[in-house]
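Here's the structure we're looking at; comments come further down.
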Amino acid sequence: MSRTTVTPIPVLGRHAVNAYLLTGRRPVLVDAGIPGSGERIRRHLERLGVDPGDLALIVITHGHIDHFGSAAELHRLTGAPIAAHAADLGPYRTGRVREPYLPTGPMGRLMSRGRRLRVRTEPFEPRVLLRGETPLDEFGITARAVPTPGHTAGSVSVLTDHGDLVAGDLVANSFMGLIPGRPANPPFHDDPLGNLDSLDAMLARDPVRLHVGHGTPLDPDRVRRWAARERTRLLRRAAAGRLTTRADLPDGADAATVDEAPADYSDLSRPGASDG
């Protein structure tokens, strides 16, 4: 089987929100961007020489609106089945994220008060329901979908046999890629230490680079050093009783309150739109 290549598809700004094209015997798309970006992604596929009708699979890394927002639209445009993890079925079936968002820092707190992340998008039903580690060879790429819970319960990453890790929101670039190559938290995590456990587990597989949902590719060694510092920080916060996870919320606290305002993501690409 031919080597799988990874090509970023900018969905918002140059690097603020990314989808990825994985190409082997057949093409596979990872993530579907914000609501209303299906046509933009389709045009990018064509510019990359991919007939959208040839797409073998759409993998959604997790149940946040900037990653699954156009999944249903892209399924209609391409006919490709959607793969996603069972633990995030709630957002996929309702078209809305679990709330409240749990910020990782000041920018997440600011963003969580806005309306832009509370829009409803078109729901979808994954045809390929992921639960454990899943080879993707039958879809034409030498890669595996690996559960990496923490950012959300149903987060997954895609690791190719040549070491490219499409990592979703396991980690991000600082300021949505405006400081390229600098690891940082995305604005939200449902379980920060659980996410860090997943990140460490993927780093133990010795990836050659990390392709992230927000920013440019990251060097694994630099991510390892950042992750060690981040674990120390999180453990101190946990010891002080200042680390909240979704499991700590009272029953029903994550029921979504949906604002029907039109989606507007313009502030996600400006400086400061991530924690780091």
Side-chain angles (χ1 to χ4, degrees), residues 31 59-69 83-114 117-121 123 126 129-134 145-158 167-172 183-204 212-214 223 226-259 274-276:
D31 278 336
V59 180
I60 302 300
T61 61
H62 63 280
H64 281 166
I65 204 77
D66 53 336
H67 292 258
F68 78 89
H85 197 279
D88 277 0
L89 272 176
Y92 303 143
R93 287 174 168 171
T94 62
R96 57 189 185 182
V97 300
R98 293 187 177 100
E99 293 195 49
Y101 285 96
L102 301 181
T104 57
M107 183 49 59
R109 288 191 288 273
L110 177 64
M111 291 173 66
S112 69
R113 291 195 292 268
L117 298 181
R118 289 178 167 78
V119 296
R120 189 191 297 267
T121 193
L129 194 59
L130 304 172
R131 297 184 185 276
E133 188 166 328
T134 304
V146 183
T148 47
H151 181 64
T152 67
S155 289
V156 298
S157 299
V158 177
D169 280 0
L170 266 176
V171 63
N185 284 308
F188 312 104
H189 282 318
D190 280 359
D191 179 357
L193 279 169
N195 183 80
L196 200 58
D197 289 342
S198 290
L199 177 60
D200 285 345
M202 296 310 296
L203 289 170
V212 294
H214 307 291
V223 174
W226 172 83
R229 296 191 300 271
E230 180 65 3
R231 184 173 293 277
T232 298
R233 186 185 75 87
L234 290 176
L235 289 172
R236 287 173 178 165
R237 288 183 64 85
R242 298 174 57 216
L243 191 66
T244 301
T245 72
R246 190 160 297 283
D248 299 324
L249 301 178
D251 290 344
D254 65 346
T257 302
V258 178
D259 190 329
S274 75
D275 296 304

Rounded to the nearest 0.5 Å, how far does OG1 of Thr152 lie from CG of Leu102?
->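 Answer rounded to 0.5 Å: 11.5 Å.
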Which distance, rounded to the nearest 0.5 Å, do you find between the CG of Asp169 and the OG1 of Thr148?
-> 10.0 Å
Ionic contact status for Arg231 with Asp200, cut-off 4.0 Å |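 Salt bridge flag = yes for Arg231 with Asp200.
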With under 30° as parallel and over 60° as perpendicular, where do the rings of Phe68 and Tyr92 fit, or are they tilted in between?
->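 Rings of Phe68 and Tyr92: perpendicular, over 60°.
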What class does the angle between the rings of His67 and His214 fall in, given that below 30° is parallel, 30 to 60° is tilted and above 60° is perpendicular?
-> perpendicular
Expected output: side-chain [X] to main-chain [Y] donor-acceptor under 3.5 Å:
X	Y	result
Thr245	Asp190	no
Arg96	Gly90	no
Ser198	Pro149	yes
Arg237	Arg242	yes

Compare every heavy atom of [Y] with every heavy atom of [X], then report the nearest pair and how far apart it is.
X	Y	value
Tyr101	Ser112	CB-CB, 4.2 Å
Pro103	Gly108	CB-C, 3.5 Å
Arg131	Pro147	O-CG, 3.6 Å
Glu230	Asn185	OE2-ND2, 2.9 Å
Met202	Val146	SD-CG1, 3.8 Å
His85	Gly154	CB-O, 3.1 Å

Heavy atoms of other groups near Arg236 CZ, more than 12 under 6.0 Å | no
Check whether the side chains of His62 and Asp88 place a donor and an acceptor atom closer than 3.5 Å, and report yes or no.
-> no
State whether a side-chain donor-acceptor pair under 3.5 Å links Thr61 with Asp31.
-> yes
So Leu235 and Leu193, side-chain contact (heavy atoms from CB on, under 4.5 Å) or not? Walk me through it.
-> CA-CA 8 Å; Leu235 289 172; Leu193 279 169; 4.1 Å; yes
Contact check, side chains of [X] and [Y], non-hydrogen atoms, under 4.5 Å:
X	Y	value
Val212	Pro183	no
Asp191	Asn195	no
Leu170	Ser157	yes
Leu199	Trp226	yes
Thr244	Leu249	yes

